[in-house]
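One structure is given below, encoded as C-alpha cells.
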Amino acid sequence: MLTPQPFLEMKDITKTFPGVRALDGVTFDLHQGEVHALVGENGAGKSTLMKILGGVYPYAGYGGAIFIEGNEQHFGGVREAEKAGIAVIYQELSLVREMSVGENIFLGREPNKFGVIRWDELYRRAGELLADLHLQIDPHMPLRSLGIGQQQLVEIAKALSQNARILVLDEPTAALTDSEVETLFVILRKLRARGVGMIYISHKLNEVFRISDRITVLRDGKTVDTNVTANWTESQVIARMVGREVGDIFPQMDHAQGDIVFQVRDISVEDPVVAGKKLVDNVSFSVRRGEVVGIAGLMGAGRSDLLMAIFGAHPGRVSGEVELEGRRVHITNPAEAIKHGIGFVTEDRKRFGLVLDQTILNNMTLASLPRISGRFITSIDAESAAGERAMKDLRVKANSVFTIAGTLSGGNQQKIVLAKWLLTNPRVLFLDEPTRGIDVGAKQEIYGQINQLAKAGLAIVLVSSELPEVLGMADRVLVLHEGKVTGEFSRQTATPEKVMACATGQAQRAA
Amino acid sequence: MTESTNKAESNDPAPLPEASEIAAVTTIGKFKISTDVLRAYTMVFALVAIWLYFHYSTGQIFLDPRNFSNLMRQTAVTGVLAVGMLMVIITGQIDLSVGSVVGLAGGIAAIAQGWLGWGLVPSLAAGIAVAVAIGAIHGSLTAYLNIPAFIVTLGGLLAWRGVILGLSRGETIPIRLPAFKSIGQDYVGPMVGWVIAAIAVGAIIWLSLARSRARRRHGLEAASLGPMLLKILGPSIAVVGFIYMMNSYEIAPGRYAGIPVPVIIFLAIALAGAFLTQNTTFGRYLYAIGGNPDAARLSGINIRRHLLAVFCVMGALSGIAALIYTARVGSASPDAGQLLELDAIAACVIGGTSLMGGRGTVFGAILGALIMASLDNGMSLKNVEPYMQNIIKGAILVAAVGLDMAGRKRG
C-alpha cells in the first residue's frame with residue numbers, strides 16, 4: 001500500500017536554540033494515504049519538528065532539508081507551507097468562537113467579489129465540505145455552540161478546504177469523548193483512502209496503534225526508530241520513548257486504610273446556564289485515610305462539577321452535605337475548603353492551575369501564602385525554602401524556583417500545581433486529570449507521588465478519563481453517568497469492561 | 001538495558017528542556033528574570049538620553065538645579081497616580097476617572113477650608129475621604145455587580161466632573177491656609193535631604209548584602225564583588241546625586257531649597273507601593289488575579305475583595321494627588337486634573353505594564369511618569385508649540401509600546 005517514493009521527506013533536520021539542540025539529525029517521511037504516528041516524551045522534539053514542517057521556523061533557521069515529491073522546499077513562513085499543502089492542527093484550536101462554522105472554515109479566504117463576501121457561496125461550500133466528512137453540523141451555527149470535539153472536526157474541514165495533502169494532528173483526541181474519537185477515526189480513515197498523508201502525534205498509544213500505519217519514536221531530539229505499526233508492541237514503543245523497558249507503569253500498591261476522613265452526602269449541582277438541568281444528581285461517597293477513590297466516567301458525566309461543587313467553586317446551585325472527620329462543614333468558597341484541609345489539583349493546568357507569567361515559586365505558594373510566607377508581609381527566604389524543598393521532592397526540572405512557570409514542559413507544570421496543593425497541608429486531596437497531556441516518565445512520577453501521599457495518610461479522590469489510570473491507582477472506583485453514580489467497584493472487582501458499561505449507562509452496579 | 005535502567009532511576013538525566021525554558025531562566029539578581037532587568041536598564045538609559053538631549057538642546061537649562069527641582073515637582077502628581085493605576089492595571093482593570101476624582105477631591109478640600117472655614121486636617125481629610133469613597137463605589141460596582149471597570153470609571157469620569165462643577169458653581173476656589181499650600185510648594189531644606197540620603201544609602205547596602213546572603217543560603221551563585229559593588233554604587237550615586245541637585249537649588253541668595261514636599265510624598269508613596277506589590281500577600285494576589293483569575297479564585301483568593309481594595313487604594317492616591325495638585329496651583333478650579341488619567345495610564349504602559357493584567361512594576365511606572373514629565377518640561381523649555389507637544393507625546397507612547405512588543409516577541 002505504500003508508494004515507493006515518499007510524498008514528504010524530512011532529511012537530517014537539526015534545530016538548535018540557544019543552549020540546546022532540540023533536533024539532532026531527525027529523518028522522517030510520509031507517504032500519500034498513510035497515517036504516520038510520531039511519538040515521544042514531552043520535549044523529545046515532536047512539536048519543533050512539526051513547526052519546521054509548518055513553516056513556523058522558516059527555512060535557514062534549521063539544518064537539513066525538506067522534500068515534497070522530491071522537490072526541495074524552502075518555507076519562508078506558515079503561508080508558504082500551507083500553499084504546499086501542509087495543514088497543521090495544533091492542540092490549541094485556532095478558531096474564532098464568536099464566528100459561525102462557515103466563517104471559521106473560510107476565515108481569511110472568504111469567497112468574494114471585489115472584497116464583498118459572497119455569503120451564499122461561503123455557506124454552500126462550507127456545507128459541502130461538512131457533508132463530505134459526514135458531519136451533521138450546520139455551517140450557520142456559531143462555533144461556540146459546538147462541543148470541543150466537533151470544533152476539532154471543523155478545524156479538519158478547514159484544513160481540507162485548503163486542499164491540504166499533508167495533515168498534521170497534534171494530540172487531536174486530548175479533549176474528545178470516546179464517541180468523538182470514533183468519529184474522528186472514521187474521518188481520518190476516509191482521508192487516508194483519498195490519499196491524504198497524516199502525521200499523528202499522540203500520547204495515547206492505544207489510539208496510535210489503532211489508527212497508524214507506521215510509528216516513529218523520537219527521543220531527545222533524535223529519531224530512535226521507525227517501523228510499520230504491525231511490527232511494534234505497545235511496550236516496545238514505550239521502551240523506545242523512555243529509553244528503558246517499563247514493567248508496569250502503575251506501581252500497584254494496596255494502601256493501608258484508616259477511618260473515614262471525608263464523606264459527602266446527596267450532592268446535587270444545577271447547571272448555572274440551563275435551568276433545571278442537574279449536572280450532579282444525589283452523589284454520596286466517602287474516603288478513608290490513606291485511600292485512593294477513583295471517579296470514572298465519560299466527559300460531561302459531572303466528575304469535575306462534583307469536585308468543584310464540594311470545593312465551593314461551582315457557579316451553579318449546590319446542595320448536599322460534606323463531613324470532614326465526622327464533623328459537618330459548610331464550604332461556600334475555595335478559601336474555606338483550603339482552611340478545612342481540602343486540596344484540589346484542578347484539571348487543565350493552564351486554565352485553572354497556573355499563573356503562567358509568574359515564577360514557579362509564586363505559583364507553588366499561591367494557595368498557602370499566609371501559612372508559608374507571612375500573613376501580610378511575605379518572606380522570600382521562608383518561601384523559597386519551602387519552594388525548593390517541594391521542587392526537590394517532586395523532582396521538578398527547572399533551573400531555579402524563579403523560572404517562569406509558562407516556560408516549563410507539561411509534566412513539570414503539573415508537578416507545580418501538585419506542589420501548590422501539597423503546600424496547603426491538605427487532609428483530603430482531589431486530583432482532576434492529574435496526568436493529562438504529560439509524558440510517560442512524568443506520569444509515572446506522579447503515580448509514585450500519589451501512592452506516597454496515600455501512604456502518608458491523605459484521603460485522595462482521583463478523577464481521570466484514562467481508565468487504566470483509575471483502575472491502576474484507585475482502591476475503590478466510583479462510576480458516574482449523567483451526574484449519577486451508576487457503579488462502585490473495589491480494586492479486585494473492577495474491570496475495564498464493567499466500568500465502561502456503567503460509564504455509558506448500560507449497567508448499574510453498587511458495591 | 002540494565003545500564004539505561006540504572007540511569008533512569010537516578011535523578012540527573014532530565015528530559016531535554018524546552019528551548020524557551022533555557023532562555024527564560026537565566027536569572028540576574030534574585031527577584032527578577034534577566035529580561036525584566038534588561039527592560040529596566042533600557043528604560044533608565046532612555047530617560048538619561050532624554051535628559052541629556054534636552055539639557056544640551058536648551059543651552060544647559062534642563063538639568064540645572066532649578067529646572068530639575070521643578071521637573072520632580074511636576075512628576076509628583078502623575079507619579080502618585082501612576083502607582084495606584086499600576087495596581088489597578090495589574091489586576092486587569094482600568095480607572096479612567098482619576099482626573100475627575102482629582103478635580104473633585106481637590107475642590108472638596110478647597111471648599112472645606114475656604115467656604116466652610118474648616119481647619120487644615122479636616123479639610124485635607126475631607127478631600128481624601130471623598131476620593132476613597134469614590135474608589136469604593138467604583139470597586140463595588142466592578143467587583144460585585146460585574147460591570148466592566150472601563151464602563152464604571154468612564155461613567156465616573158463624566159459624573160464626578162459634573163459634581164465638582166455643580167458644587168463649586170464653576171468658581172475657582174483659592175487656598176488660604178499656608179500649611180495647605182506648603183504641601184505643593186515648600187521644600188524640606190538641605191539638612192533633611194542629607195539625612196534621607198544617608199538612610200537610603202545605608203538601606204541600599206544592607207539590602208544588597210542581605211540579598212547576596214540569601215542567595216548563598218539557597219545555594220544560588222552569589223554575585224561576585226564587582227557586580228555587587230556596582231549594584232551598591234549605582235543606586236547610591238543616583239540617590240546622592242538626586243539629593244545634591246535638590247539641595248543646590250538656590251531659591252533666594254544664600255538660601256538652598258532641598259527636596260520639594262510633594263516629591264517627598266511621592267517618593268514615600270512609591271516606596272510603599274513597591275513594598276506592597278512585591279513584599280506582601282496582597283500584592284502577590286493582585287498579580288495572580290490579573291495573570292489568571294480562575295487559578296487565583298481556585299487558590300482561595302477572594303477576587304472581589306481584592307478588586308474593591310485596589311480601587312480604594314486608587315481612590316486614596318487620587319485624593320493625595322489632588323491635594324498636591326491643588327496646593328501647587330494654589331487654588332481649586334473645577335476643571336483641574338483633566339486628562340491626568342491618561343498620563344497615569346501612559347506612565348504605566350511606558351513602564352512596561354501589560355494592560356491585560358498580571359505584569360508591571362512600580363519602578364517601571366515611576367520611570368514612565370518621569371519620562372512623560374520630562375517630555376512635557378523639556379518641550380516647554382524648548383518652546384515647542386502645545387499642539388506639537390501632544391503629537392510628539394502620543395507618538396512616543398505608541399513607539400515605546402511598539403518597541404517593547406517587538407522586544408518581547410524576540411525574547
Side-chain angles (χ1 to χ4, degrees), chain A residues 17-20 22 41-45 48 220-221 242-245 311 313 333-339 344 346 351-359 362-363 365-367 369-370 373-378 380-381 384-385 388 395 397-400 402-404 407-409 411 420 439 441, chain B residues 1-9 11 13-27 29-33 35 210-211 213-214 217-220 275-276 278-285 287-302 354 356-359:
Chain A
F17 295 106
V20 64
E41 291 194 316
N42 287 350
T48 310
D220 296 349
V242 298
R244 64 193 129 107
E245 294 281 358
F311 200 65
N333 60 51
E336 285 171 9
I338 294 167
K339 214 166 58 202
F344 187 6
T346 43
R351 181 159 165 225
F352 295 118
L354 294 170
V355 186
L356 293 169
D357 271 349
Q358 294 272 322
T359 60
N362 287 1
N363 274 291
T365 57
L366 193 59
L369 208 48
S373 194
R375 286 213 70 74
F376 183 67
I377 294 172
T378 54
I380 187 75
D381 257 18
S384 26
E388 271 155 22
R395 296 210 259 156
K397 280 143 201 153
N399 277 14
S400 82
F402 303 107
T403 303
I404 301 297
T407 64
L408 301 175
S409 67
K420 171 167 92 173
D439 61 67
Chain B
M1 267 308 150
T2 36
E3 189 198 304
S4 55
T5 309
N6 289 339
K7 200 170 142 220
E9 291 310 314
N11 280 348
L16 206 62
E18 302 284 333
S20 50
E21 199 170 333
I22 291 204
V25 290
T26 16
T27 49
K30 190 168 154 76
F31 303 102
K32 285 167 190 154
I33 62 159
T35 42
R211 188 176 295 189
R213 262 201 311 275
R217 207 166 29 244
H218 295 298
L220 290 162
F275 185 80
L276 194 63
Q278 300 304 316
N279 296 325
T280 67
T281 53
F282 178 77
R284 189 74 61 76
Y285 292 161
Y287 284 98
I289 290 168
N292 186 345
D294 283 325
R297 186 173 59 95
L298 288 166
S299 297
I301 297 166
N302 188 329
S354 160
M356 306 301 288
R359 217 176 345 204

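First the proteins, then the strands, lettered A, B, ... as listed; each starts at 1.
- Judged as a ring-ring contact (aromatic ring centres under 6.0 Å, His included), and not counting sequence neighbours, the contacts of B:Phe282 are B:His306.
- In this structure, the portion of A:Asp357 lying under 4.5 Å from any heavy atom of chain B is its side chain and not its backbone.
- Atom NZ of residue A:Lys397 and atom OG1 of residue A:Thr403 lie 14.0 Å apart, to the nearest 0.5 angstrom.
- Listed by first and then second residue, the side-chain hydrogen bond (donor to acceptor under 3.5 Å, both in side chains) pairs involving residues 287-300 of chain B are A:Lys420-B:Ser299, B:Gln278-B:Tyr287 (not counting sequence neighbours).
- Contact of A:Ser373 with chain B is not made at all, since no heavy-atom distance falls under 4.5 Å.
- Interface remark: of the candidates A:Leu354, A:Leu366, A:Ile377, A:Leu366 forms the most heavy-atom pairs closer than 4.5 Å to chain B.
- Top candidate by heavy-atom pairs under 4.5 Å with chain B, chosen from A:Arg351, A:Glu336, A:Arg375, is A:Arg351.
- Between the side chain of A:Asn363 and the backbone N or O of A:Val355 there is at least one donor-acceptor pair closer than 3.5 Å.
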